[in-house]
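A short worksheet on the structure shown next.
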Amino acid sequence: MTNTSKRIVIIGATSAIAEHCARLWLSNQSVDLTLVSRDLAKTQRIAADLQVRSPQSVIRILTTDFCDAQAIQHCVADIIAIRPVHTVLIAHGTLPDQQALQQDLSACAETLMINGISPALFAEAFATQMQQANYGTLAVIGSVAGDRGRKSNYCYGSAKGLVERFVEGLQHRLAHTAVKVTLIKPGPTATPMTAHIRNMPMAKVEDVAQCIVTGIAGGKPIIYAPTKWALIMLIIRHLPRCIFHKMNI
Amino acid sequence: MVKITSWGRLSHLEHQRVLLSDCQQVAKQLQQHQPGIAHGMGRSYGDVCLNPNGVLWQTTSLNRFIHFDDNTGCLTCEAGILLGDIQALFMPRGWSLAVTPGTQFVTVGGAIANDIHGKNHHVMGSFGDHVKHLHLVRTDGSLIECSPTLLPNWFAATVGGLGLTGIITQVSLQLQPVPGPWLDTETVPFTQLSEFFALADSSESTWQHTVSWIDCLSTKGRGLFMRANPCDIGPNLEPQCHAHTMRFTPPLSLVNGLTLKPLNSLYYQLKKWRAGRSIAHYQAFFYPLDNLLHWNRLYGPKGFYQYQSVVPREVSLDAVAAMLAAIKQSGQGSFLAVLKTFGDREALGMLSFPQPGVTLALDFPNRGDKTLSLFKRLDAIVREAGGRIYMAKDARMPRELFELGYPCLNEFLTYRDSGISSSLSRRLMDY
């Protein structure tokens, strides 16, 4: 079973979006799933849930330091050593309050690290391995916030912007291989990460996850989830500064 | 603050919503944000799940399974998981919830807090009868684990306890083995109430599920008696279900004096014409209304009430006839009129609704004082019959009727959590 089932790795497995993607992947097939996170206890609860949903699936848990390049390198090497990977989803992130970050430079550095550099390092480590295997899909969760810097969340948004450029570079590098690289840009989604944000309509996490799983299966290079955000961000990206700067967004 | 309404859509008031997503953090969150009330899918009709201008602890993200034992059918899960998710996952594996209400879009926690019942009450009792163990987090941060044998009083207070004893975070449920997702069903038309009672009496020993639709505008009480048993029809072919959505709220209730009579007649004649035996998927039989998402919008911007009562069996024929006569006389009516006999099993919760007898549930578009004065007449019939009203549906019952209907109330009050308060608890129980 282990050797024939699809191998999926989720980095940042406690992310609500990632958890719902995992539920969808497990819903119609047995999967060899590896969950990588910083929080062992929470990941164990997620793994237990997924195991009830799919008793035949193999679920492994790994924890590592997400901000240490060496640790990331070793973690990815350990994962790859077991078996080649079909799909990698890099999903971790935090969304602190922008105004608080403006008062605290260390928190600002942490935010840039965990949302920008860390996913880029994971992507780089997997990309090299996957290029050698000439096989698999590497999907990274960015954000619509990375499309244009806005006063309400530019620290988080710029880190996601870094992820976008990085993934773009990987797509260019791997364009002539069989490895697919996908950038996912969720709009505001109702998850614990966004629970502190008030008065903003949020997409249901189940719908966003469905959009991502379908997009990855279809090999799309960029997935806006829900799709309407492609249009909204097209407009926001192209607004002239004189209008954009008057907006409270 | 966000505007929240319950299923009856009678009010749309501001609430502060606090998302509970991690069982380990619940105690801390409750201590930080109180007083409040647990809120799952908001499928109760009245104000049991509301706390205007206060806190709602949103439980739907507590939706993880914890363990399932394939040999015994014992499922442990978090309390925000939906009954529909349990059915969808376990029905193909040969296990089903023992008790399920008319919608699958409710949480396990809500099902326990309202001790909901289903079409098989005469066989399986209510939801609480199949709860083996639960975790209750109190707003002082403490955790109480209880079961029918471990702290049984806490268990009896919490089952049917309207969320007022603490937040249910984790539950162990006993599932029932089933041959598959299909049911052998039969629809039997009846032309008067006495026929309904004869059918109920003759069906209870041989049919697991029984329920009736009743035409509340008919003089004698005609209706359709529906009964079903699980059956094995071999390979599990999933039916193609296409749910529709009521995308907008019409400016007026679509259920009104003009539409109701033809609607009821059409439904009765159509079903009568198609009466008899047939095989049905569990979703079609248990949850027919789930096929029209947001059907509550049909009742227009003012919303609707549901009036569900239970009266003891000895007086049920007269009491139900009197209620139907009062409704007909008032000129208000209901398309969704459901009649069902409860079994003899007393529910274990101190405030559980089911009791031996007959329950009648009716939807009424909100027409203000006119509707409320009809309810006063119905209350008088329920009071005289020695019955009670279902709190999961209620938005207006008078306090004395509540106190008469629920004799274990004083005992229940000693188990309340002082950091929990809902619109309903303030209306009927001081705070």
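Just so it is clear, the model here is predicted, and its values are computed rather than measured. To find a chain, count down the sequence lines: A is the first, B the second, and so on, and within it residues start at 1.
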Worked check of side-chain contact (heavy atoms from CB on, under 4.5 Å) between B/Gln24 and A/Arg45
CA-CA 11 Å; B/Gln24 309 298 313; A/Arg45 292 200 291 280; 3.2 Å; yes
Using side-chain heavy atoms (C-beta onward) and a distance below 4.5 Å, is B/Asn63 in contact with A/His20?
yes
Could you look at B/Asp85 and say if it's the side chain, the backbone, both or neither that has a heavy atom under 4.5 Å from chain A?
neither
Verify the neighbour count for atom CZ of A/Arg53: are there more than 12 heavy atoms of other residues, nucleotides or ligands below 6.0 Å?
yes
Heavy-atom closest pair, residues A/Val52 and B/Phe90
CG1-CZ, 3.7 Å
Please classify the contact between A/Ser54 and chain B as side chain, backbone, both or neither, with a heavy-atom cut-off of under 4.5 Å.
backbone
Atom pair CZ/CZ of B/Arg64 and A/Arg23 - distance to nearest 0.5 Å
7.0 Å
Going from OG1 on A/Thr14 to CG on B/Asp22, what distance comes out if it is rounded to the nearest 0.5 angstrom?
9.5 Å
Measuring heavy-atom distances to chain A, does B/Ile86 have an atom under 4.5 Å in its side chain, in its backbone, in both, or in neither?
neither
Whatever's closer than 4.5 Å to a heavy atom in chain B on A/Ser27 counts as neither
Examine whether an atom of A/Leu50 lies under 4.5 Å from a heavy atom of chain B, and if so say whether it belongs to the side chain, the backbone or both; otherwise answer neither.
neither
Contact origin within B/Gln16 toward chain A - heavy atom pairs under 4.5 Å
side chain
To the nearest 0.5 Å, what is the distance between OG1 on A/Thr191 and CG on B/Leu19?
8.5 Å
Please state whether the side chain, the backbone, both or neither of B/Ile66 comes within less than 4.5 Å of a heavy atom of chain A.
backbone
Cut-off 4.5 Å, heavy atoms of chain A, and the answer for B/Arg93 is side chain
Looking at A/Ala16, A/Ala195, A/Pro55, A/Ala47, which makes the most heavy-atom pairs under 4.5 Å with chain B?
A/Pro55
Has A/Leu105 got more than 12 heavy atoms of other residues, nucleotides or ligands less than 6.0 Å from its CG?
no
Chain B contact via A/Glu19 - which portion, at a heavy-atom distance below 4.5 Å:
side chain
